[in-house]
Chemist: 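For reference, the structure I am asking about is given below.
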Amino acid sequence: MLRGLLTLSFAAATTAQFAPLVDLFIGTGSDGNAFPGAAVPNAMAKVGIDMDTSPRQAGYKAGNFSVTGISLMHDEGTGGNAAGGWGVFPLFPLANCDFTSCPVTLAKRKVQRTAGDAASPGYFSSTLTTGIHIEATTTRRAGLVRFTYPAGSSSNLVVVDLSNDLQRSFRGGSLSLDPTKGRIQLQGTFLQSYGTFNYTTFGCYDFLPPSGGQSLVTSGTYNAGNPTVNTTSVSYAYADGGYAVDAGALLSLKGTNDSVTLRFGISMHSTANACANAETEVPDWDWDAVHSASEQAWENRLSAVSVDTKVEDATVLELLYSSLYRAALVPANFSEENPYSSSQEPFYDSMFCSWDTFRTEHPLISLLWPRQWAEMVRSYIDGWRADGFIPECRVSTKAGYIQGGSNGMPVLGDFAVKYADHATDLHVNTDDLYTALVTTAEETPSDWYRYGRQNDVWKRFGYIPFDRCTGTSKANGKCTTAADCGDTGLSLCGSDGFQCLNNQCKKKTGAYCAGDLNECLPNHVCANGDPYIGSNYKPKHCSPGTNAQFCTDEYTICINDTQPNPNTEWCAAVRDQCIIEANGGTPDGSATRATTGLATREVSRSLEYAFNDFAVAQAARALDKSEDDVVKYTNRSLNFKNLWDASVNYDGFTGYMQKRFKNGTFIYTPPDACSPVDSGSHSCARGDDNDTGFYESSSFEYSFWAPHSVASLVSLMGGAATFIKRLDRYFAGGYFLAGNEPSFETPWLYHYANRPDLSAARIRQVVYQKFGTSTNGIPGNDDSGAMAALLVFHLLGLYPIPATRQLLLGSPFVSSYTLRNDVLGTTTTVSVKNFDRGTLNATPAAGTNLFVQSITVNGEVKDTVCWLSFDDLTGGGNIEIAVGSTPLSSGCGSGSNALPESVEDGGVA
């Protein structure tokens with residue numbers, strides 16, 4: 001398994017209480033994609049070894065794979081490109097080779113490692129089969145890498161690789177070596193791992209410590225061949241197609257006790273900045289000082305949740321603190337490294353993606369580390385200032401793909417609800433926050449595949465219609481009437497709209513075209529951009545040219561084509577957008593209208609748009625905005641019900657979320673499609689091959705997803721009794737997909753049917769059957785801390801409802817824990833009366849104390865056992881959760897607000 005534990009020897013380690021409980025290798029096998037290298041909390045620099053296997057999203061993969069280098073930046077727990085993201089400017093140690101014939105290329109140098117990789121917070125080490133030992137310790141943007149060679153080696157060398165990132169996506173760059181100063185400066189342009197943009201990054205390596213003890217024997221560079229002595233530079237001009245080349249530098253060094261150390265710095269601005277970061281953050285090359293400071297940073301971060309480590313279950317402790325660790329690795333703090341703006345606002349990267357993290361990761365940070373969370377919120381707001389829309393997915397400093405809604409919106413809504421009163425202290429501009437929310441909720445961006453939402457369609461229909469182009473083009477075919485050409489209308493997706501002109505089928509203005517100029521009406525050639533209005537945008541459409549009168553004529557034709565029931569609204573919209581384009585963009589010529597995006601995932605996007613709008617309504621309440629806004633966005637938040645098809649019968653239950661045409665009729669997707677028991681071949685991917693309408697999930701699963709109004713779902717499904725049976729069937733029938741975000745809350749949903757006892761039992765089952773302490777201990781991608789944060793909440797007996805102050809309450813896995821909030825300055829201790837270790841398994845035996853009986857907050861008994869407020873958990877003092885062996889007969893309690901709140905019932909605040 002090539003996994004080991006590190007015994008720390010320096011003094012600070014003896015005072016660490018929680019950092020030693022972290023196992024960095026959990027989730028490094030299977031699909032977890034966890035990063036086990038050296039890093040400080042929310043670090044930009046994440047240093048670890050890279051493997052020659054795939055998938056390897058974090059560079060590392062548990063197993064006996066060969067090492068290709070130790071590189072400076074990595075993602076944590078993501079999906080995306082299977083080859084991984086970042087992995088820039090790797091080092092590789094060599095020994096006992098002649099300088100000019102050393103195996104510097106990636107294919108020749110890679111070797112396996114011996115058993116026993118070791119890691120702890122802030123430190124990583126591994127030993128290659130060549131006998132060379134690798135170690136790393138880091139700061140936020142810099143660090144130290146140490147190689148210890150076998151005694152008696154004839155030469156100790158280090159490869160500094162310019163061109164090989166994890167994706168092998170080198171687009172150009174340069175390396176400069178100064179043997180006198182002992183410095184190598186690098187810049188490279190590479191491809192982001194979840195998107196189509198390039199990014200440029202800069203690195204700096206120093207190899208001659210000012211204190212001495214290490215000297216340069218020989219240096220040179222290599223460039224698509226063997227190393228050349230005394231050469232000092234390599235350069236490749238930018239090329240769109242990139243370079244499949246090995247290029248870099250080679251150093252032969254003489255150190256102390258067979259060890260050599262390199263200091264590094266990274267930057268997104270320049271090589272000078274990268275070197276300055278190294279000099280500032282690691283000024284003295286003091287390994288123990290850097291290592292100790294890194295571990296102390298982790299101890300401080302982890303102590304936001306404190307427990308008695310001598311009392312609690314060892315496995316629970318390992319799961320809890322390992323998960324807290326991964327949740328605090330991301331997003332990455334790139335502040336002062338924003339390469340696109342002079343803004344002084346914080347800049348966070350690895351927001352990969354908000355679709356993954358808004359449910360659990362951000363709520364956890366808001367609870368435990370709100371001061372840093374405020375910086376992340378400011379970064380979201382500043383993204384809106386720069387791009388006009390709240391960022392959704394930032395990958396390697398550039399916009400990635402939209403997966404569903406614009407799910408930075410719940411993050412901003414969450415801040416408004418929880419910390420509006422502290423916004424000034426936290427330097428959060430709430431006016432800008434709210435404007436960002438409203439802009440993202442109302443306006444349609446030019447490319448809603450990367451920013452914002454498809455609001456033109458959402459606001460028109462109250463859902464995203466399914467209207468896929470069929471591709472049955474009859475362009476240039478013979479005809480007598482338009483009917484001979486097939487589809488004569490202009491559909492929402494800009495499909496084949498035809499006229500019969502001179503006995504030849506020609507596409508109407510706005511219709512999708514493949515690039516043949518003869519497809520369109522005369523003088524209206526295929527233009528770049530997209531059809532006027534629609535959900536399945538294509539790269540080209542038939543342009544009106546500059547003839548606005550043509551657009552008016554087209555309206556009449558459109559009306560005639562849709563007889564006997566003409567769609568006047570649709571035809572008018574086509575005409576108006578046609579006129580805009582004919583006039584050169586907007587009527588004043590200031591901008592183009594066309595918007596783009598992949599119009600798949602129609603159902604799941606609609607459900608998420610509804611929740612996005614709920615976040616706006618919540619922010620409007622919290623920030624005392626107009627009642628009109630509150631009502632508007634609250635009403636829009638209930639649009640998820642527009643996709644409930646009550647006629648669908650499946651697996652003994654009636655009613656499921658389904659795709660819907662623009663005319664209101666539904667189109668059937670089997671509810672098991674894309675579930676673990678999918679009986680057919682379906683796609684729930686992000687691309688236009690998606691044929692289900694759902695993203696990474698099934699209709700069965702998404703039919704339970706409306707976190708802000710679960711009471712609506714209980715009603716739609718026929719009441720609490722049927723809702724419970726349906727949840728039971730969901731788990732028993734194999735539809736539950738534990739490794740996917742839409743399922744995160746589902747084990748808790750029994751609360752809304754007044755059966756918190758069933759939630760408690762189900763969560764025990766999920767934790768012990770789906771999570772563990774092995775390298776396969778995560779049931780899917782860790783997804784930038786989302787899965788880690790979920791497990792933390794499960795273990796603490798909590799589940800957050802984003803953009804609200806409400807957390808569902810369950811039965812904790814520890815007898816007591818204390819939460820510290822660094823904004824409010826409070827300490828809140830949660831203790832479990834009658835805590836029973838017999839419940840710490842997947843199926844607690846009858847008679848064990850699993851079920852919550854009462855909650856007391858600072859001496860006051862709550863009238864519910866199903867939820868706590870954010871204020872309860874951050875207000876300081878003591879919370880006592882009494883548990884017993886028999887479920888409470890009243891379910892959540894007898895109070896009028898005992899059930900968790902839903903919009904349908906007039907909540908949530």
Side-chain angles (χ1 to χ4, degrees), residues 49-52 59 66-72 86-111 128 130 132 134 145 147 149 153-190 200-208 214-239 241-255 260 262-264 266 271 274:
I49 57 175
D50 301 325
M51 310 299 191
D52 69 342
S66 293
V67 175
T68 59
I70 178 167
S71 62
L72 305 184
W86 299 107
V88 296
F89 308 141
L91 302 176
F92 196 88
L94 299 171
N96 302 318
C97 60
D98 180 72
F99 190 91
T100 57
S101 59
C102 282
V104 292
T105 65
L106 188 146
K108 292 180 179 179
R109 73 192 186 215
K110 64 181 182 179
V111 294
L128 305 179
T130 56
I132 302 173
I134 299 171
V145 179
F147 302 114
Y149 296 82
S153 296
S154 61
S155 58
N156 300 329
L157 303 105
V158 179
V159 174
V160 181
D161 192 326
L162 167 67
S163 58
N164 284 300
D165 67 324
L166 281 173
Q167 288 190 74
R168 317 297 182 241
S169 67
F170 182 56
R171 298 304 197 251
S174 63
L175 176 151
S176 174
L177 189 162
D178 185 335
T180 302
K181 192 172 182 179
R183 172 166 285 179
I184 294 177
Q185 300 180 73
L186 310 97
Q187 69 172 45
T189 298
F190 306 94
T200 299
T201 189
F202 303 87
C204 179
Y205 284 110
D206 292 317
F207 51 87
L208 296 179
Q214 188 166 300
S215 60
L216 178 65
V217 178
T218 311
S219 66
T221 62
Y222 62 96
N223 188 354
N226 291 330
T228 302
V229 176
N230 295 331
T231 52
T232 58
S233 65
V234 177
S235 182
Y236 283 84
Y238 175 81
Y243 298 93
V245 66
D246 284 281
L250 183 64
L251 307 173
S252 178
L253 299 167
K254 183 176 182 181
V260 299
L262 281 77
R263 181 178 70 176
F264 73 86
I266 51 175
T271 55

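Bear in mind that the values here come from a model prediction, so they are computed numbers and not experimental data.
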Chemist: Locate the shortest heavy-atom distance separating Ala95 from Ser153; write the atom from each residue and the value.
Modeler: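 Closest heavy-atom pair between Ala95 and Ser153: CB-OG, 4.1 Å.
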Chemist: Asp246: what forms a salt bridge (Lys or Arg N to Asp or Glu O under 4.0 Å) with it, not counting sequence neighbours?
Modeler: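 Here no residue qualifies.
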Chemist: In chain order, what residues pass the side-chain hydrogen bond (donor to acceptor under 3.5 Å, both in side chains) check against Asp178, with sequence neighbours excluded?
Modeler: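 Expected list: none.
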Chemist: Of all the heavy-atom pairs spanning Val234 and Gly248, show the shortest one and how long it is.
Modeler: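 Closest pair (atom of Val234, atom of Gly248, distance): CG2-O, 3.9 Å.
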Chemist: Examine distances only and state if a side-chain atom of Ser66 and a backbone atom of Asp52 form a donor-acceptor pair shorter than 3.5 Å.
Modeler: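 No; zero donor-acceptor contacts below 3.5 Å.
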Chemist: Rounded to the nearest 0.5 Å, what separation is found between the CG atom of Asp98 and the OG atom of Ser252?
Modeler: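 Nearest 0.5 Å value for the CG-OG distance: 10.0 Å.
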Chemist: List the atom of Pro90, the atom of Arg109, and the distance in Å for their closest heavy-atom pair.
Modeler: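 Looks like CG-NH2, 4.2 Å.
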Chemist: Could you grab the distance from atom CZ of Phe89 to atom OH of Tyr205, nearest 0.5 Å is fine?
Modeler: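 One gets 8.0 Å once the value is rounded to the nearest 0.5 Å.
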Chemist: Quick one: SG on Cys204 to CD1 on Ile266, what's the gap to the nearest 0.5 Å?
Modeler: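 Here the interatomic distance stands at 11.5 Å.
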Chemist: With respect to Phe92, which candidate in Val104, Leu250, Val111, Ile70 satisfies the side chain to side chain contact (heavy atoms under 4.5 Å, CB included) definition?
Modeler: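 The side chain to side chain contact (heavy atoms under 4.5 Å, CB included) with Phe92 is passed solely by Val111 among Val104, Leu250, Val111, Ile70.
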Chemist: Under the salt bridge (Lys or Arg N to Asp or Glu O under 4.0 Å) rule, collect the residues that match up with Asp50, sequence neighbours excluded.
Modeler: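 With neighbours one apart ignored, the set is empty.
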Chemist: Checking Thr100 against Thr228 for the side-chain contact (heavy atoms from CB on, under 4.5 Å) test, could you report, in this order, the C-alpha distance in whole Å, the side-chain angles of both residues, the deciding distance, and whether it holds?
Modeler: CA-CA 6 Å; Thr100 57; Thr228 302; over 6 Å; no
Chemist: Between CD1 of Ile134 and CZ of Phe147, what distance do you get to the nearest 0.5 Å?
Modeler: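 Answer for the CD1-CZ pair, Ile134 versus Phe147, is 5.5 Å.
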Chemist: With heavy-atom distances below 4.5 Å as the criterion, would you say the side chains of Val229 and Phe99 are in contact?
Modeler: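 The answer is yes, as the side chains (C-beta and beyond) meet within the 4.5 Å cut-off.
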Chemist: Sequence neighbours left out, what passes side-chain hydrogen bond (donor to acceptor under 3.5 Å, both in side chains) with Thr271? Give chain and number order.
Modeler: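 side-chain hydrogen bond (donor to acceptor under 3.5 Å, both in side chains) check on Thr271 returns Gln185.
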Chemist: Scan side-chain atoms only and decide if Asn96 and Ser154 contain a donor-acceptor pair under the 3.5 Å cut-off.
Modeler: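 Ser154 and Asn96 do have a side-chain donor-acceptor pair below 3.5 Å.
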Chemist: According to salt bridge (Lys or Arg N to Asp or Glu O under 4.0 Å), who are the partners of Arg183, at least two apart in sequence or on a separate chain?
Modeler: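 By the salt bridge (Lys or Arg N to Asp or Glu O under 4.0 Å) rule, Arg183 matches Asp206, Glu279.
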Chemist: Taking all non-hydrogen atoms of both residues, which atom of Arg171 and which atom of Tyr243 are closest, and how far apart?
Modeler: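 In this case the closest contact between Arg171 and Tyr243 is O-CE1, 3.7 Å.
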Chemist: Are the side chains of Phe170 and Val245 in contact, using a 4.5 Å heavy-atom criterion?
Modeler: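 Counting from C-beta outward, Val245 and Phe170 do come under 4.5 Å.
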Chemist: Does any part of the side chain of Pro179, heavy atoms only, come nearer than 4.5 Å to the side chain of Thr232, both counted from C-beta?
Modeler: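 With C-beta onward as the side chain, the pair touches.
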Chemist: With a 4.5 Å cut-off on side-chain heavy atoms, are Leu253 and Gln214 touching?
Modeler: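 Of all side-chain heavy-atom pairs linking Leu253 with Gln214, at least one is under 4.5 Å.
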Chemist: Please name the pair of heavy atoms, one in Gly87 and one in Ser71, separated by the smallest distance, quoted to 0.1 Å.
Modeler: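 In terms of heavy atoms, the two residues are closest at CA-OG, 3.2 Å.
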Chemist: Using the rule given for side-chain contact (heavy atoms from CB on, under 4.5 Å), can you reason through Thr68 versus Met51, listing the C-alpha separation, both sets of side-chain angles and the distance that settles it, and then say yes or no?
Modeler: CA-CA 6 Å; Thr68 59; Met51 310 299 191; over 6 Å; no
Chemist: Checking side-chain hydrogen bond (donor to acceptor under 3.5 Å, both in side chains) for the pair Thr189/Thr200: CA distance, chi angles, key distance, verdict?
Modeler: CA-CA 4 Å; Thr189 298; Thr200 299; 2.7 Å; yes
Chemist: Is any side-chain heavy atom of Phe190 closer than 4.5 Å to a side-chain heavy atom of Val88?
Modeler: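 Contact flag for Phe190/Val88 side chains = yes.
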Chemist: Can you tell me if Ser155 uses its side chain to pair, donor with acceptor, with the backbone of Cys97 under 3.5 Å?
Modeler: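 It does hold such a pair.
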Chemist: Within this structure, what is the CG-CD1 distance for the pair Asn156 and Ile132, rounded to the nearest 0.5 Å?
Modeler: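 The CD1 atom of Ile132 is 7.5 Å from CG of Asn156, to the nearest 0.5 Å.
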Chemist: With a 4.5 Å limit on heavy-atom distance, are the side chains of Leu262 and Val158 in contact?
Modeler: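 When only atoms from C-beta onward are counted, Val158 and Leu262 do touch, with a gap below 4.5 Å.
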Chemist: Hey, does Gln187 have a side-chain heavy atom less than 4.5 Å from the side chain of Thr201?
Modeler: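 Thr201 does not reach Gln187 side chain to side chain.
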Chemist: If I compare all heavy atoms of Leu128 with all of Pro93, which pair ends up nearest, and what's the gap?
Modeler: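 Reported closest heavy-atom pair: CD1-CG, 3.9 Å.
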Chemist: Would a 4.5 Å heavy-atom cut-off, applied to side chains only, mark Phe264 and Val145 as touching?
Modeler: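 Contact flag for Phe264/Val145 side chains = yes.
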Chemist: For Leu177, which of Leu186, Asn230, Leu251 qualifies under side chain to side chain contact (heavy atoms under 4.5 Å, CB included)?
Modeler: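 Only one of Leu186, Asn230, Leu251 forms a side chain to side chain contact (heavy atoms under 4.5 Å, CB included) with Leu177, namely Leu251.
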Chemist: For the atom pair CG (Asn164) and CG (Leu106), what is the distance rounded to the nearest 0.5 Å?
Modeler: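 Here the rounded value is 4.5 Å.
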Chemist: Show me the side-chain donor-acceptor pairs of residues 215-226 shorter than 3.5 Å, one per line, residues at least two apart or across chains.
Modeler:
residue: Thr221; atom: OG1; partner: Thr231; partner atom: OG1; Å: 2.6
residue: Asn223; atom: OD1; partner: Tyr236; partner atom: OH; Å: 2.2

